[in-house]
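Worksheet: the structure to be examined is printed underneath.
Keep in mind that what you see is a predicted model, and the values were worked out from it rather than measured. All residue numbers refer to positions in the sequence shown, counting from 1.
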Amino acid sequence: MRLIGTAPDKASVMSFVLKGYTTEVVGKALNEEGIAVRTGHHCAQPILRRMGVETTVRPSLAFYNTFEEFDLLVAVVRRLSSARPH
């Protein structure tokens with residue numbers, strides 16, 4: 001997993017990519033577990049290209065999210081990472 005962006009104190013919005021997967025595949029896997037994220041360029045193509053990517057996965061966390069939801073997001077990303085296609 002590679003976090004995109006250089007802000008030292010990231011808060012509730014983070015963008016990432018997962019090596020070996022398109023952002024659409026990661027988003028679909030999360031969606032299948034009930035975790036809603038946005039995928040795509042988020043109207044930020046110039047800065048994404050500067051970061052070396054075209055699209056990202058972007059979960060937006062807020063006060064209404066539970067620890068269980070966050071843990072599930074992490075579990076899905078870990079599962080995908082460990083089964084990374086070659």
### Message
For residues 56-75, which residue pairs pass the salt bridge (Lys or Arg N to Asp or Glu O under 4.0 Å) check, not counting sequence neighbours?
### Response
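For residues 56-75, and leaving out neighbouring residues, there are no salt bridge (Lys or Arg N to Asp or Glu O under 4.0 Å) pairs at all.
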
### Message
Applying side chain to side chain donor-acceptor pair (under 3.5 Å), can you list everything that pairs with Arg49, at least two apart in sequence or on another chain?
### Response
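Counting only residues at least two positions away or on another chain, Arg49 forms a side chain to side chain donor-acceptor pair (under 3.5 Å) with Glu54.
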
#### Entry: Test side chain to side chain donor-acceptor pair (under 3.5 Å) applied to Thr55 - qualifying residues, sequence neighbours left out
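Counting only residues at least two positions away or on another chain, Thr55 forms a side chain to side chain donor-acceptor pair (under 3.5 Å) with Thr23.
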
Please examine the side chains of [Y] and [X], heavy atoms only from C-beta on, and report whether any two atoms are closer than 4.5 Å.
X	Y	result
Arg2	Val53	yes
Leu18	Val57	no
Thr39	Val26	no

[X] versus [Y], closest heavy-atom pair with distance:
X	Y	value
Leu48	Gly40	CD1-O, 4.3 Å
Ala83	Tyr21	O-OH, 3.2 Å
Asn65	Ser60	OD1-O, 3.9 Å

Could you go through residues 28-36 and list every donor-acceptor pair under 3.5 Å that involves a side-chain atom there, pairing it with any protein atom two or more places apart or in another chain?
none

